[in-house]
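Take a look at the structure below.
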Amino acid sequence: MRRPSMLTTLSMVALSAASISATSAAWMAGKAIVAQHLLDVAWQASRHHGAPTRPWRWADVTTVGRLTISALDESLIVLSDASGEAMAFGPGLVAGDPLQADSATVAIGGHRDTHLAFMQNQKPGELILLEALDGKTYRYQLLDSQIVDTRSQSLSIATDFPGLVLITCYPFNARQTGGPLRMVVRAAYLPA
């Protein structure tokens, strides 16, 4: 019986590694799709009951709002926490409360390469909507954006007047995550 050549063996190892990699990528993509579906279901339950709901039993976050970017016809479920683990699934609440959006600033943070990637193309004057658990929708008009270097500037957010602040890492095309720069977008509350 003939033994396989070195080239055949290496080819089999490479094929196995590629199969494992493809399976892993498919698994991650599948989890992301299922997670977004579960977030939508939890948001509907939150709205129905008027109380935050966990998207899955072991989740350490709840759904607290829905952010809609009018120009993009895109909608994102806002989570109760802006930790790295929570933001893997959606943008998270940094400060404020969507239920009090007509009297206080709401700050939302998210990853630059997923949920808040749209921020790189937003222009002053564009509309952003925030829906709260009680069904009220708050309208905001984009004012401006600035880049903040967290090594020398503070990211303190005054919440004593109505407004919306969106925060994500910057630059959008950075190879490494979690650098010191943040893009901060401010939007003015538009009373009904």
Side-chain angles (χ1 to χ4, degrees), residues 17-102 104-122 127-140 155 157 159 164-170 172 174 176-179 182-185 187:
S19 295
I20 290 169
S21 180
T23 301
S24 177
W27 172 252
M28 292 298 284
K31 279 185 5 181
I33 291 168
V34 170
Q36 290 308 305
H37 172 73
L38 293 174
L39 286 171
D40 283 332
V41 169
W43 172 245
Q44 295 306 320
S46 295
R47 286 284 322 281
H48 178 74
H49 299 296
T53 303
R54 292 175 188 226
W56 42 88
R57 195 177 32 168
W58 60 90
D60 56 357
V61 295
T62 59
T63 57
V64 296
R66 180 185 291 273
L67 193 64
T68 302
I69 300 83
S70 298
L72 302 177
D73 195 30
E74 184 172 343
S75 184
L76 303 165
I77 304 298
V78 179
L79 303 174
S80 59
D81 184 26
S83 69
E85 294 83 15
M87 288 193 310
F89 300 104
L93 196 59
V94 174
D97 181 354
L99 289 170
Q100 299 172 358
D102 57 352
T105 298
V106 175
I108 297 171
H111 291 307
R112 63 169 167 73
D113 56 352
T114 55
H115 302 99
L116 294 187
F118 71 88
M119 288 173 50
Q120 67 184 317
N121 299 316
Q122 293 295 279
L127 287 179
I128 299 174
L129 307 175
L130 177 62
E131 183 181 359
L133 289 175
D134 59 7
K136 291 182 183 172
T137 299
Y138 301 93
R139 296 172 4 129
Y140 300 91
L155 272 178
I157 298 165
T159 59
L164 179 67
V165 175
L166 301 175
I167 306 163
T168 193
C169 291
Y170 186 84
F172 288 92
Q176 186 174 353
T177 60
R182 301 290 178 270
M183 176 182 265
V184 179
V185 170

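We count residues from 1, following the sequence as given.
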(request) Find out whether Arg66 and Arg47 are in side-chain contact, i.e. whether some heavy atom of one side chain is under 4.5 Å from a heavy atom of the other. (result) no
(message) If you define the side chain from C-beta out and look only at heavy atoms, does anything of Asp81 sit under 4.5 Å from Leu93?
(response) no
(request) Show your reasoning for whether side-chain hydrogen bond (donor to acceptor under 3.5 Å, both in side chains) applies to Thr62 and Arg54. (result) CA-CA 4 Å; Thr62 59; Arg54 292 175 188 226; over 6 Å; no
(request) Answer yes or no: is there a donor N or O on one side and an acceptor on the other, between the side chain of Gln36 and the main chain of Leu76, under 3.5 Å? (result) no
(request) Could you check if a side-chain atom of Leu67 sits within less than 4.5 angstrom of a side-chain atom of Leu129, using non-hydrogen atoms only? (result) no
(request) Hey, could you give me the CD/OG1 distance between Glu74 and Thr68, rounded to the nearest 0.5 Å? (result) 9.5 Å
(request) Spell out, as yes or no, whether a donor-acceptor pair under 3.5 Å connects the side chain of Arg112 to the backbone of Ala117. (result) no
(message) I need the minimum non-hydrogen distance between Ala101 and Leu130, along with the two atoms involved.
(response) CB-CD2, 4.4 Å
(message) Is the shortest side-chain heavy-atom distance between Phe172 and Met119 below 4.5 Å?
(response) yes
(request) Evaluate side chain to side chain contact (heavy atoms under 4.5 Å, CB included) for Trp43 paired with Glu131, printing each intermediate quantity in order. (result) CA-CA 11 Å; Trp43 172 245; Glu131 183 181 359; 3.8 Å; yes
(request) Give, for atom CD of Gln44 and atom NE2 of His49, the distance between the pair rounded to the nearest 0.5 Å. (result) 11.0 Å
(request) Calculate, to the nearest 0.5 Å, the distance between atoms OG and CG belonging to Ser80 and Asp60 respectively. (result) 7.5 Å
(request) Using a 4.5 Å cut-off on heavy atoms from C-beta on, say whether the side chain of Val165 contacts that of Val185. (result) no
(request) Verify, without hydrogens or angle tests, whether His111 (side chain) and Thr168 (backbone) share a donor-acceptor contact under 3.5 angstrom. (result) no
(message) Testing the basics here: between Pro98 and Ala132, what is the closest heavy-atom pair and its distance to 0.1 Å?
(response) O-CB, 3.4 Å
(request) Take Leu127 and Tyr140, measure what side chain to side chain contact (heavy atoms under 4.5 Å, CB included) needs, and give me the verdict at the end. (result) CA-CA 6 Å; Leu127 287 179; Tyr140 300 91; over 6 Å; no
(message) Are Leu99 and Leu133 packed together at the side-chain level, in the sense that at least one heavy-atom pair is separated by less than 4.5 angstrom?
(response) yes
(request) Measure the spacing between NE2 of His115 and CD1 of Ile77 and express it to the nearest 0.5 Å. (result) 10.0 Å
(message) Please tell me whether Ser46 and Thr63 have a donor and an acceptor in their side chains that are separated by less than 3.5 angstrom.
(response) yes
(request) For the residue pair Val64 and Leu79, establish whether any side-chain heavy-atom pair is separated by less than 4.5 Å. (result) no
(request) Take Leu166 and Val184 through the test side chain to side chain contact (heavy atoms under 4.5 Å, CB included) and record every step on the way to the result. (result) CA-CA 6 Å; Leu166 301 175; Val184 179; over 6 Å; no
(request) Specify the closest pair of heavy atoms between Val78 and Ile108, including all atoms of both residues, with the distance to one decimal. (result) CG2-CD1, 3.9 Å
(request) Provide the closest heavy-atom pair for Ala35 versus Phe89 in the form atom of the first, atom of the second, distance. (result) CB-CD2, 3.6 Å
(request) Starting at CD1 of Ile69, measure out to CG of Leu116 and round the result to the nearest 0.5 Å. (result) 8.0 Å
